[in-house]
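In what follows, a single structure is set out as structure tokens and then discussed.
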There are 2 protein chains.
Amino acid sequence: MNIGKAAKLSNLTVKTVRYYADIGLVKPLKNSNTGYRDFSDDDLAQLQFVAKARKFNFSIQECEELLSLYSDKNRSSKEVKALTLEKISEIDAKLIELKDLRHQLSFLAKNCKGDDRPECPILDALSDV
Amino acid sequence: MNIGKAAKLSNLTVKTVRYYADIGLVKPLKNSNTGYRDFSDDDLAQLQFVAKARKFNFSIQECEELLSLYSDKNRSSKEVKALTLEKISEIDAKLIELKDLRHQLSFLAKNCKGDDRPECPILDALSDV
DNA sequence: CTTTACACTCCACTTACTGGAGAGTTTACA
DNA sequence: TGTAAACTCTCCAGTAAGTGGAGTGTAAAG
């Protein structure tokens, strides 16, 4: 299939699919006459896999690792689980950080009158190092 | 003061401070003999301000806006509050997304034995589009 | 037969830095 | 006074993961 269809079926943009092909994440055949990429069902499956993994915050690098585990029939689920657990703890750290950030910002916003006068606890807090 | 001291006092790296100077976020004087940047106390205050605002997830662009509000004695706190509230709602959206992500990943991890056999619900889920 | 939709390559740009090469400057110590 | 370490400079390139656009070629529909 052409890139447009592959993109649609994997919920990616054409640009992104082309980019993935450029960096070798998927390897569609090329029509030597037209230069058009030809995506097989297997290529599509890989694109769909990557699209989902990216949504799960796996990096391209990790997607490559997952893809190779995925295509290796002898892969152990141990490695995949380890990668996933690592992702979870990264997310936990990010959550804590964001919650803290939100807390501080909302405290500042609450104490800011938001009128036309220059007193502003938000700026005061930012400049209070 | 030299860049090293300015960096230390603002908890930024020398590279980052130089970068901020390059993009005009701060404007230290330059010793025309040595080419060394000379940071005033005011420059330092700006760096500290930016360092903190960046921690609060304000982009460089927003830092510039904040800095100009900050240095403008006639600024209203209305604008600052609006920017802050916008940030909070961005953070909220991010929190929801991350929580959902974590939920899905931990469900997958829980159902993965993590042994040496190839069955792996994580990979199955990723390939199940 | 022409218009429209789709495809291609190549280059530049994005964010917010980071790393390194190669060179000059300042400071500390023997 | 010499020299070595520590600091500074500029410039170039790279990072992640694409996005945007120019200019051009191809395919399908009316």
Side-chain angles (χ1 to χ4, degrees), chain A residues 1-40 43-44 46-67 87 90-91 94 97 101, chain B residues 1-40 43-44 46-67 87 90-91 94 97 101:
Chain A
M1 71 193 74
N2 280 349
I3 197 167
K5 190 171 179 193
K8 183 158 284 176
L9 292 177
S10 55
N11 286 312
L12 295 168
T13 68
V14 167
K15 275 275 187 188
T16 300
V17 174
R18 203 172 279 134
Y19 171 73
Y20 287 168
D22 285 349
I23 62 173
L25 197 55
V26 286
K27 296 175 180 61
L29 292 174
K30 269 200 158 188
N31 183 320
S32 52
N33 296 327
T34 62
Y36 281 25
R37 292 174 184 83
D38 182 15
F39 294 80
S40 68
D43 291 327
L44 176 62
Q46 298 216 43
L47 285 175
Q48 292 171 327
F49 183 98
V50 170
K52 201 150 189 179
R54 290 284 303 127
K55 268 201 200 161
F56 279 71
N57 267 19
F58 288 94
S59 69
I60 294 279
Q61 164 97 40
E62 288 166 331
C63 285
E64 274 192 77
E65 291 167 30
L66 284 171
L67 272 184
K87 272 293 130 191
E90 275 171 33
I91 290 170
K94 196 87 189 167
E97 203 181 307
L101 199 56
Chain B
M1 71 191 75
N2 280 351
I3 198 169
K5 190 172 179 190
K8 183 159 282 177
L9 291 176
S10 55
N11 285 313
L12 295 168
T13 68
V14 168
K15 277 275 188 187
T16 300
V17 174
R18 204 173 278 134
Y19 171 72
Y20 287 166
D22 284 350
I23 63 173
L25 197 55
V26 285
K27 296 175 179 62
L29 292 175
K30 270 199 159 192
N31 182 320
S32 52
N33 296 327
T34 63
Y36 281 24
R37 292 173 183 82
D38 183 13
F39 294 81
S40 68
D43 292 326
L44 176 62
Q46 298 216 42
L47 285 175
Q48 292 171 328
F49 182 98
V50 170
K52 199 148 191 179
R54 290 284 303 128
K55 270 203 200 159
F56 279 71
N57 268 19
F58 288 94
S59 69
I60 294 281
Q61 165 96 43
E62 288 167 331
C63 285
E64 273 191 77
E65 291 167 30
L66 285 171
L67 272 184
K87 272 292 129 192
E90 275 170 33
I91 290 170
K94 196 86 190 169
E97 203 180 305
L101 197 57

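The model shown is predicted, which means the values in this text are computed figures rather than measured ones.
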### Query
When you look at A/Leu12 and A/Arg54, which way does the side-chain contact (heavy atoms from CB on, under 4.5 Å) test go after all the steps?
CA-CA 11 Å; A/Leu12 295 168; A/Arg54 290 284 303 127; over 6 Å; no

### Query
Would B/Phe39 and B/Val17 satisfy side-chain contact (heavy atoms from CB on, under 4.5 Å), going step by step from the backbone distance to the final call?
CA-CA 10 Å; B/Phe39 294 81; B/Val17 174; 3.5 Å; yes

### Message
Assess the residue pair A/Ile3 and A/Tyr36 against the criterion (side-chain contact (heavy atoms from CB on, under 4.5 Å)); give the C-alpha distance rounded to whole Å, side-chain angles, the decisive distance to 0.1 Å, and a yes or no.
### Response
CA-CA 8 Å; A/Ile3 197 167; A/Tyr36 281 25; over 6 Å; no

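Between the P atom of C/dC8 and the CG atom of A/Leu29 lies a distance of 13 Å, rounded to the nearest Å. Between the CG atom of B/Leu12 and the P atom of C/dA16 there is a distance of 14 Å, rounded to whole Å. Rounded to whole angstrom, the span from the CG atom of B/Asp22 across to the P atom of D/dT8 amounts to 15 Å. Between the CD1 atom of B/Ile3 and the P atom of C/dT26 there is a distance of 15 Å, rounded to whole Å. Straight-line distance from the CD1 atom of A/Ile23 to the C1' atom of D/dA17: 8 Å, rounded to whole Å. Rounded to whole Å, the distance from CD on B/Gln61 to C1' on C/dC17 is 17 Å.
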#### Entry: Protein proximity profile, nucleotides 19-30 of chain D - base contact B, sugar-phosphate-only contact S, no contact -, cut-off 4.0 Å on heavy atoms
SBB---BBS---

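For the OP1/OP2 pair of C/dA16 and a distance below 4.0 Å, the side-chain nitrogens and oxygens of B/Tyr20 include no atom meeting the criterion. The shortest distance between the side-chain N/O atoms of A/Arg54 and the OP1/OP2 oxygens of D/dA17 is below 4.0 Å. Applying the 4.0 Å criterion to OP1 and OP2 of D/dT8, one finds that B/Lys5 has every side-chain N and O outside that range. Within the 4.0 Å cut-off from OP1 or OP2 of C/dT18, not a single side-chain nitrogen or oxygen of B/Arg18 is found. Within the structure, every side-chain polar atom (N or O) of A/Arg37 is placed at least 4.0 Å from both OP1 and OP2 of C/dC6.
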Atom pairs and distances, donor-acceptor, side-chain atoms in residues 23-32 of chain A, under 3.5 Å, two or more places apart:
from: A/Lys27; atom 1: NZ; to: A/Gly24; atom 2: O; distance (Å): 2.8
from: A/Asn31; atom 1: OD1; to: A/Asn33; atom 2: N; distance (Å): 2.8
from: A/Asn31; atom 1: OD1; to: A/Thr34; atom 2: N; distance (Å): 3.2

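Between A/Asp22 and A/Arg37, at least one side-chain N (NZ, or NE/NH1/NH2) sits under 4.0 Å from a carboxylate O, which counts as a salt bridge.
Judged by distance alone, the side chain of B/Glu62 and the main-chain N or O of B/Ser59 form a donor-acceptor pair under 3.5 Å. Judged by distance alone, with hydrogens and angles left aside, the side-chain atoms of B/Gln46 form no donor-acceptor pair with the main-chain N or O of B/Asp43 at under 3.5 Å.
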